[in-house]
Amino acid sequence: MGSTDMMGTAEDFADQFLRVTKQYLPHVARLCLISTFLEDGIRMWFQWSEQRDYIEATWSCGYFLAALFVLINLLGQLGCCILVLSRNFVQYACFGLFGIIAMQTIGYSILWDLKFLMRNLALGGGVLLLLAESRSEGKSMFAGVPTMGESSPKQYMQLGGRVLLVLMFMTLLHFDASFFSILQNFVGTALIILVAIGFKTKLAALTLVVWLFAMNVYFNAFWTIPAYKPMHDFLKYDFFQTMSVIGGLLLVVALGPGGVSMDEKKKEW
């Protein structure tokens, strides 16, 4: 069985999977994508005083402003998540989430921490894909009718979203010399490049979803660590951030790569 046959079989499997899960996939994708915002909003509620004290100590901004920062984070994240899941005012919710990401990047001094900055940009990429999806829904009255060139902002949003997801993946690479790590980095990097350039996108994204989910459950098993240990919170944060990227990749699987991709260009050749 040649490698082309194997690719063909794998692509058939991916198509079959998509046909079966077509109705549920976008919902699952959206839930995964916003899971990190949902978790963070709930964390703001349960760790209200710690978060407020942290912001007050870091920025010396006084009790009121620190409390306001945490309140905006809490209501903004939970409110936007509810809108996204209920499919109401999704575009406004996406802009709200962009605002929250920007606010947290500055508020928690993430700008100076490359790993967290890349993750926040990747989260932004996921939200961009959500925005692109909500734009396509508005135009889906004539589903299946070929249009003269798709709306270009949406195509570029999908491209931007895919490329930003790559940043998140780069933060998950483990740089040590063990065979398993090298293999993991190699396979993962190859797949994420395919997703970024939009070549065999659905298959690459689907494979990456399975891969990332397995890694996530294995490396970030926060439920195995007692809640009072700091490691519990770190792993929980990592877990939900990875889930969000999985959500972004599932959206790529559900929607396809968009117009600016090798898959689309291949159709023209």
Side-chain angles (χ1 to χ4, degrees), residues 3 6-7 9-22 24-40 115-116 118-123 125-126 129 161-227 229 231-257:
S3 60
M6 275 179 68
M7 275 306 279
T9 312
E11 283 189 296
D12 289 345
F13 174 76
D15 285 339
Q16 188 62 39
F17 173 80
L18 275 175
R19 271 196 289 278
V20 174
T21 57
K22 200 174 171 132
Y24 316 105
L25 200 60
H27 298 291
V28 174
R30 288 191 287 266
L31 181 62
C32 290
L33 215 158
I34 60 161
S35 64
T36 192
F37 297 107
L38 213 50
E39 189 269 333
D40 201 55
K115 183 176 174 180
F116 285 116
M118 283 163 80
R119 288 201 171 179
N120 268 18
L121 285 170
L123 269 185
L129 290 168
R162 289 202 318 271
V163 171
L164 287 171
L165 285 178
V166 176
L167 294 175
M168 170 72 180
F169 192 78
M170 285 164 68
T171 67
L172 296 173
L173 296 178
H174 294 272
F175 294 107
D176 53 37
S178 72
F179 172 73
F180 183 66
S181 282
I182 292 167
L183 176 73
Q184 183 192 337
N185 291 352
F186 180 73
V187 173
T189 306
L191 288 171
I192 200 81
I193 288 170
L194 290 178
V195 171
I197 61 174
F199 182 69
K200 299 209 180 296
T201 319
K202 290 184 176 180
L203 180 61
L206 201 55
T207 313
L208 205 49
V209 164
V210 175
W211 181 263
L212 274 181
F213 186 72
M215 291 296 151
N216 202 19
V217 171
Y218 181 70
F219 285 115
N220 296 326
F222 66 89
W223 51 88
T224 59
I225 290 174
K229 291 192 173 174
M231 201 60 196
H232 177 90
D233 268 358
F234 277 118
L235 290 180
K236 193 173 176 183
Y237 176 79
D238 270 6
F239 181 86
F240 282 104
Q241 286 237 313
T242 311
M243 285 310 290
S244 283
V245 171
I246 288 173
L249 287 166
L250 282 174
L251 269 187
V252 172
V253 174
L255 299 179

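- Between L123 and Q241, the closest side-chain pair of non-hydrogen atoms falls below 4.5 Å.
- Applying side-chain contact (heavy atoms from CB on, under 4.5 Å) to I246 and the options L212, V210, L208 leaves one that passes, L212.
- Heavy atoms only, all atoms of each residue included: L33 and G126 are closest at CD1-O, 3.4 Å.
- Residue T224 holds its OG1 atom at 7.0 Å from CG of L235, rounded to the nearest 0.5 Å.
- The distance from atom CG of N220 to atom CZ of F240, rounded to the nearest 0.5 Å, is 10.5 Å.
- Distance check, rounded to the nearest 0.5 Å: CG of D233 to CD1 of I225 gives 10.5 Å.
- The aromatic rings of F239 and F222 stand perpendicular to each other, their planes meeting at an angle above 60°, with 30° marking the opposite boundary.
- Among all heavy-atom pairs drawn from N216 and D238, the shortest one is OD1-O, 4.2 Å.
- Here the closest heavy-atom approach between residue T36 and residue S244 is recorded as CG2-OG, 3.0 Å.
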Only distances under 3.5 Å count here; give the side-chain donor-acceptor pairs of residues 249-257 to other protein atoms, sequence neighbours excluded, each with its distance to 0.1 Å.
none

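- Between atom CG of residue L203 and atom CG of residue L191 there is a gap of 8.5 Å, rounded to the nearest 0.5 Å.
- Summarising the geometry, atom OG1 belonging to T242 is positioned 5.5 Å from atom CZ belonging to R119; distances are rounded to the nearest 0.5 Å.
- In this structure, F213 and M243 have side chains that are in contact, with non-hydrogen atoms separated by less than 4.5 Å.
- Atom CZ in R30 sits 10.0 Å away from atom CG in L25 (nearest 0.5 Å).
- Smallest separation of non-hydrogen atoms from A204 and L194: CB-CB, 3.8 Å.
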